Amino acid sequence: MNLFLRPGWGAAVLLFTSSLCADPPAAPPPAPPDPFAQELLQALRDASNDPRVRAAAPPTNPDDLVPRIRIERYTLANGLDVVLAPGGSDLQAVISVTYGTGTGDCLPARAALAHLAEHLSYRQTRHVPEGLLIATERADATSYNGATRTEETFYYAVVPAGSIERMLWIESERMAFALDGLDAAALAHEQRVVINEHRQRTTSVGWGDLAVALARELYPESHLRRVPYALPDGIASVTLGDVQDFLRTAYVPANARLTITGGFDVARVRGWVERYFGSIARAPAPPHPHPGGVVQLAGERVLRYRVPSAQNEVLVLWPTPPLRAPGDADLDVVAALLTREPGGALRDALVRSGLALTVAARQSSYDDSSEFAIHAVVHPNHTAEQVLDAIDRTLVQMRREASPAAQVEAVVRDWTHQTVQNAESLVGRAMLVAASPDARDPGLLRTDLAR
């Protein structure tokens, strides 16, 4: 595997070599077309081609497509940030709690702390001996999970509107009493679970600890994203005292945001929030000692990485502008232009030419520093160097020649549709509001559509 980092934005190219090959399973035969669905599609085509329909359709203003989201935000005396987004007729609600501490705040020797704390916080507490996982299921949650990210730890549950109070009590138990259920046996069990998760996500999929190797090439020692996840040795080395200290300092109201989205009465919910969270003691939010920041690479770097994959692969990475900074949205569009079907310049240069089996491009945007990636699976009859050369030539051509306006407009329309569609679902709306609870621009939807 080769990693190339180039002057300016630096590029990282990874060439995966392989020793295992297997024929792909035969694809199942396609299902016969549904006559009713065909008739319906034809009726829609006929209607869209009717001049009377086209004449009556007003021009679309993207801003008019954004769902109207009401936001009420306030802070409890103990520092808890509370965000209410009542959804009118929704029969469900999403309860989410975000703690502003993640893996990036635990570097370098205790990167596993945040993830282990997330797992352990689903176990028993002072008032829930059966554990918060079972209690969440008994609240009739149709979907729930916890996630540990670089900058935060996030919990959510989708429940019937009638279970909002119970779910608020459960989350207050996590915040106030998760420490009471910890012991050495619980820690040992969750360490085995987290180590197994690591194996499932790395070793078993053939990529090994590639993400760690990449992060060490791309980011300086003190950067927030230097270690993307904890390794087995680090997970096993965490002590019970480590987890207890972490929960005691990170799971405090002043370091948390409670978000409630969906169908509920605001006055009643405000009373429940005060009842279950208001009495939790105030404590200072922990510091965040590991800075992020945009990476500037002085030159090209190459990393060769051998994994038991079926084909050679090439991965090119560029450090790029942070989320919503100038250039970030442009690169979302560039990624789509390169790989769209039909007409994607990189898809034509690699897949249609036979150099590669697949190609993908993506701008992964983060608050502190982003990454643009091009990933291709090399055709067995060609080399990684040939694929890399074709990528270079395609990007040079894209810099010299403006992309067709019609293609750019089509990509922007697709992004607009995806953004609005996500905001129209209850869970999508809840995730947006939890991340960006700005009453003037909930979820930053208008900001994203404008950019």
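Predicted model, so just to flag it, every value in this text is computed and none were measured. For the numbers below, each heavy atom of this structure counts, side chains included, while hydrogens, waters and symmetry mates do not.
Using a 4.5 Å heavy-atom cutoff, the side chains of E152 and R257 are not in contact. By the 4.5 Å heavy-atom criterion applied to side chains, V194 and L116 are counted as neighbours. Looking at heavy atoms from C-beta onward, R174 lies in side-chain contact with Y122 at the 4.5 angstrom threshold. Counting only heavy atoms from C-beta outward, the side chains of T383 and N312 never approach each other to under 4.5 Å. You'll find the side chain of Y144 reaches within 4.5 Å of the side chain of L133, heavy atoms only. Taking the side chain as every heavy atom from C-beta outward, Y366 and T150 never approach each other to under 4.5 Å. Here the side chains of P321 and L331 are in contact, with some heavy-atom distance below 4.5 Å. A heavy-atom distance below 4.5 Å is found between the side chains of D368 and E151.
A donor-acceptor distance shorter than 3.5 angstrom exists from the side chain of E118 to the backbone of T148, with no hydrogens or angles considered. Checking side-chain atoms of D441 against main-chain N and O of T447 turns up a donor-acceptor pair under 3.5 Å. A donor-acceptor distance shorter than 3.5 angstrom exists from the side chain of N255 to the backbone of A250, with no hydrogens or angles considered. A donor-acceptor contact shorter than 3.5 Å links the side chain of T339 to the backbone of A335. Formation of a donor-acceptor pair under 3.5 Å by the S353 side chain with backbone atoms of L350 is found in this model.
For CZ of R362, the number of neighbouring non-hydrogen atoms (other residues, nucleotides, ligands) closer than 6.0 Å is 12 at most. Open room surrounds CZ on R166; 12 or fewer heavy atoms of other groups in view lie less than 6.0 Å from it.
Taking every heavy atom of both residues into account, Y155 and A117 meet most closely at OH-O, 4.1 Å. Across all non-hydrogen atoms, the minimal contact from P319 to V295 is CB-O, 3.7 Å. Closest approach of S365 to D328, counting heavy atoms only: OG-OD1, 2.5 Å. The two residues A254 and A285 make their nearest non-hydrogen contact at O-CB, 3.8 Å. The shortest non-hydrogen separation linking P322 to S370 is CA-OG, 3.4 Å. For the pair M175 and A256, the tightest heavy-atom approach, listed with the atom from each and the gap, is CE-CB, 3.8 Å.
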Solution key, residues 260-270 side-chain donor-acceptor pairs under 3.5 Å, sequence neighbours excluded:
unit_1 : atom_1 : unit_2 : atom_2 : d
D265   : OD2    : A267   : N      : 3.4
D265   : OD2    : R268   : N      : 2.9

Identify every side-chain donor-acceptor pair in residues 399-409 under 3.5 Å, counting partners at least two apart or on other chains, and give the distances.
none

From CA spacing to verdict: side chain to side chain contact (heavy atoms under 4.5 Å, CB included), R429, V94: CA-CA 9 Å; R429 186 165 69 248; V94 181; over 6 Å; no
I would like to know whether H417 and R413 meet side chain to side chain contact (heavy atoms under 4.5 Å, CB included); could you show each step before the answer? CA-CA 6 Å; H417 174 74; R413 282 197 304 271; over 6 Å; no
Determine whether L395 and L346 satisfy the following criterion, side chain to side chain contact (heavy atoms under 4.5 Å, CB included), listing intermediate values before the conclusion. CA-CA 8 Å; L395 295 181; L346 202 54; 5.8 Å; no
What do the steps show when you test R352 against E341 for side chain to side chain contact (heavy atoms under 4.5 Å, CB included), and what is the final call? CA-CA 11 Å; R352 291 191 177 277; E341 182 65 43; 2.5 Å; yes
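Ionic pairing of R324 and D448 is present here: one or more N-O contacts between side-chain nitrogen and carboxylate oxygen are shorter than 4.0 angstrom.
With values rounded to the nearest 0.5 angstrom, L258 atom CG is found 7.0 Å from I95 atom CD1. Atom-to-atom distance recorded for L426:CG and Q92:CD is 6.5 Å, nearest 0.5 angstrom. Rounding to the nearest 0.5 Å gives a distance of 12.0 Å between CD1 of I71 and CZ of R440. Taken from CD in E313 to OG1 in T358, the straight-line distance is 7.5 Å, to the nearest 0.5 Å. Atom CG of D332 sits about 9.5 Å away from atom CD of Q418, to the nearest 0.5 Å. Once rounded to the nearest 0.5 Å, the distance linking CG of L388 with CZ of R393 reads 10.0 Å.
Under 3.5 Å, the side chains of Y251 and T101 contain no donor-acceptor pair of N or O atoms.
For T419, the side chain to side chain contact (heavy atoms under 4.5 Å, CB included) partners at least two apart in sequence or on another chain are L445, L449.
Results of the side chain to side chain contact (heavy atoms under 4.5 Å, CB included) test with I235 over Q191, H115, E197 single out Q191 as the only residue that passes.
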